[in-house]
Amino acid sequence: MKASSSVPKFLTKIWALVEDHRNAEYICWSQDGNSFIVLDEERFAKEILPRHFKHNNMASFVRQLNWYGFHKVMQDETGAARHDKYCSGRYQHHFFKRGHEELLTKIKRKVTASTGDKRVFRKAKVCLLVCSLQISGIVFGMCR
Amino acid sequence: MKASSSVPKFLTKIWALVEDHRNAEYICWSQDGNSFIVLDEERFAKEILPRHFKHNNMASFVRQLNWYGFHKVMQDETGAARHDKYCSGRYQHHFFKRGHEELLTKIKRKVTASTGDKRVFRKAKVCLLVCSLQISGIVFGMCR
Amino acid sequence: MKASSSVPKFLTKIWALVEDHRNAEYICWSQDGNSFIVLDEERFAKEILPRHFKHNNMASFVRQLNWYGFHKVMQDETGAARHDKYCSGRYQHHFFKRGHEELLTKIKRKVTASTGDKRVFRKAKVCLLVCSLQISGIVFGMCR
DNA sequence: AGCGTTCTAGAATATTCGATT
DNA sequence: GAATCGAATATTCTAGAACGC
């Protein structure tokens, strides 16, 4: 069983991208496996991205990374092979680690202000059902 | 005749569609037998659907699938974009599995509020919205 | 430059699509100019849509039309050329009329929960419904 | 009474653009 | 050419509503 269906497509896609050795010259795990590295941003954006997303813009890819809480890290990892001219960026998330695909389920997309409202709204739906039943004259125990 | 009369026609029809090898270029089981695949959506809609349903719209077919709790699933598990030019969609239901026609009886059409209940439902919606606001801590005054 | 920058891209795109006579076999104005007609849905979706949008699904196109308040109309326009088998759908919006591109600015995308206005919108709805109930003489209590 | 078909809307994610720091 | 975030639109999948049978 691979990543469960509860994992957004974006996450399973970067996972697959980093794992696929055919992409090794564009994107790969850092040596310690705690971050991934984009090696040639231009070619990565123009050649790899459109195969997996509906765009070929690095900026859009980065926006998605930020939605999911990834951070760009500037520091070179100690002892890591230096890609110097080719390393375009290193991105990291606490739950994105080589060998731990199961952690993907812990990565949450950030909610917008009004998405937050929706949660409340959903809570209220329970209330809706209660009210519905009460109006119908049906008695039952409290929700929650 | 296997399928009992308690199984809605829609379910027996997709079952027959998927099983019939003459439809192999339009619709078929996935390799693991846990989902079915529509191969060429346009031709499937225009050539196959009208032979079994009163329409030739993919959208109506999909609406039916959703009524019965089928879910569309990503083409392949790796998350790679890769559309087989021909694979238009893969649909899955926990009780729709190759070799287990008897499970069809467990697939239930979702219920909708009956006409009579709708009035109560509408009343309750007010309550829902009020509750929503209260939970949100929003204060509002009455109109006028 | 006709369409001002305040007009969403979707609207300027359908306008351009309908106006472009090279698309005449796929999409065109109705005879009276008050709606547009999609002539061959399958070919329109697969050949035209991807040139202008990031997809080739009629369903996504229709969802966009609905976001902007377009309605599908079934009735044949009186006196219009009948396309019979080829007419896949006729869509209409009060402010989408041949010869009146300036009206596009009046077409508004429906608001969603992701817009800040939504909260106010919801407030107003409650008020409306509460008033409605009160006028109806219906009493209701708060949920807990 | 539940099922089938159609049109529209809800909800979540995806993409773009620009503001903010 | 720094990086992140807010907001609006775009795309996808699913559900609501209405109506006919």
Side-chain angles (χ1 to χ4, degrees), chain A residues 5-11 13 41 49 52-74 88-89 91 108-115 117-119 121-122, chain B residues 6-11 13 49 52-74 89 91 108-116 118 121-122 125, chain C residues 5-11 13 49 52-74 89 91 108-118:
Chain A
S5 59
S6 66
V7 176
K9 285 182 181 177
F10 177 72
L11 295 177
K13 282 180 179 178
E41 192 171 294
L49 286 183
H52 302 268
F53 304 95
K54 292 176 180 293
H55 65 80
N56 60 358
N57 307 308
M58 191 62 189
S60 294
F61 181 67
V62 172
R63 187 67 191 87
Q64 278 281 68
L65 288 172
N66 288 328
W67 274 122
Y68 286 95
F70 283 77
H71 288 277
K72 187 170 188 175
V73 284
M74 312 302 296
S88 298
Y91 298 89
K108 299 302 179 189
R109 193 179 203 268
K110 288 177 183 175
V111 289
T112 66
S114 39
T115 303
D117 289 343
K118 284 183 189 169
R119 295 248 171 80
F121 201 68
R122 231 172 277 130
Chain B
S6 68
V7 176
K9 285 181 183 176
F10 177 71
L11 295 176
K13 281 180 180 177
L49 286 183
H52 302 268
F53 304 95
K54 295 175 185 293
H55 64 82
N56 61 357
N57 306 308
M58 191 62 188
S60 295
F61 182 67
V62 171
R63 186 67 191 90
Q64 279 281 68
L65 288 173
N66 287 329
W67 274 123
Y68 286 96
F70 282 77
H71 289 274
K72 187 170 189 176
V73 287
M74 256 197 320
Y91 297 88
K108 300 300 180 190
R109 191 184 201 260
K110 290 175 184 174
V111 287
T112 170
S114 71
T115 343
K118 278 182 187 167
F121 199 67
R122 231 172 277 129
K125 267 190 172 174
Chain C
S5 59
S6 67
V7 176
K9 285 181 181 176
F10 177 72
L11 295 177
K13 282 180 178 176
L49 287 182
H52 301 269
F53 304 96
K54 293 175 181 293
H55 66 81
N56 61 356
N57 306 307
M58 190 62 188
S60 295
F61 181 68
V62 171
R63 186 67 191 88
Q64 277 281 68
L65 288 173
N66 286 330
W67 274 124
Y68 285 95
F70 283 77
H71 290 274
K72 188 171 189 176
V73 283
M74 310 301 296
Y91 297 89
K108 300 301 179 188
R109 193 179 202 267
K110 290 176 184 175
V111 288
T112 77
S114 64
T115 58
D117 300 331
K118 182 66 180 201

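Residue numbers begin at 1 in each chain, while the letters A, B, ... track the order of the sequences.
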#### Entry: Closest contact, heavy atoms only, C/His52 versus C/Lys13
O-NZ, 2.7 Å
### Task
Locate the shortest heavy-atom distance separating A/Val73 from A/Tyr91; write the atom from each residue and the value.
CG2-N, 4.5 Å
## Note on the structure
Between B/Tyr91 and C/Phe53, the residue closer to the 5' end of DNA chain E by nearest nucleotide is C/Phe53
### Task
For A/Lys110 and A/Gly69, work out which heavy atoms get closest and say how close.
CE-CA, 4.1 Å
### Query
Can you list the residues that meet the side-chain contact (heavy atoms from CB on, under 4.5 Å) rule with C/Arg63, with sequence neighbours excluded?
C/Asn66, C/Trp67
### Summary
Which of D/dT5, D/dT15, E/dA15 is nearest the side chain of B/Arg109? It is D/dT5
### Message
The criterion is ring pair (Phe, Tyr, Trp, His ring centres under 6.0 Å); which residues satisfy it with C/Phe10, sequence neighbours excluded?
### Response
C/Phe53, C/Phe61, C/Tyr68
### Task
To the nearest Å, give me how far apart NE2 (B/His55) and P (D/dC3) are.
16 Å
#### Entry: Among E/dC5, E/dT12, E/dA10, the nucleotide that comes nearest once only the side chain of C/Phe10 is considered
E/dA10
### Query
Over its full length, what angle do the end axes of the helix from D/dG2-E/dC21 to D/dT21-E/dA2 make, each axis taken from five pairs and the result rounded to 10 degrees?
30°
### OP1 or OP2 of E/dA3 under 4.0 Å from side-chain N/O of A/His71
no
### Message
In this structure, how many angstroms lie between the P atom of D/dT5 and the CG atom of B/Leu49, rounded?
### Response
9 Å
### Exercise: identify the closest heavy-atom pair between A/Ser88 and A/Glu41
OG-N, 3.0 Å
### Query
NZ of B/Lys108 versus C1' of D/dC3: gap in Å, rounded?
14 Å
## Note on the structure
Rounded to whole Å, NE2 of C/His52 lies from C1' of E/dT9 at a distance of 18 Å
### A/Lys72 vs E/dA3: side-chain N/O to OP1/OP2 distance below 4.0 Å
yes
## Note on the structure
Applying side-chain contact (heavy atoms from CB on, under 4.5 Å) to B/Lys108 and not counting sequence neighbours gives none
#### Entry: Considering all heavy atoms, the nearest A/Asn57-A/Leu49 contact
O-CD1, 3.6 Å
### Task
Look at the side-chain N and O atoms of A/Lys9 and state whether any lies under 4.0 Å from the OP1 or OP2 oxygen of E/dT11.
no
### Query
For E/dC5, does either OP1 or OP2 sit under 4.0 Å from a side-chain N or O belonging to A/Lys110?
yes
### Message
I need the NZ-C1' distance between A/Lys54 and E/dA10, as an integer number of Å.
### Response
10 Å
### Query
Of the non-hydrogen atoms in B/Gly89 and B/Lys72, which two are nearest, and what is the gap between them?
CA-CE, 4.0 Å
### Task
Could you list by number each residue of residues 56-69 of chain C showing a heavy-atom separation from DNA chain D of less than 4.0 Å, or answer none if no residue does?
C/Arg63, C/Asn66, C/Trp67
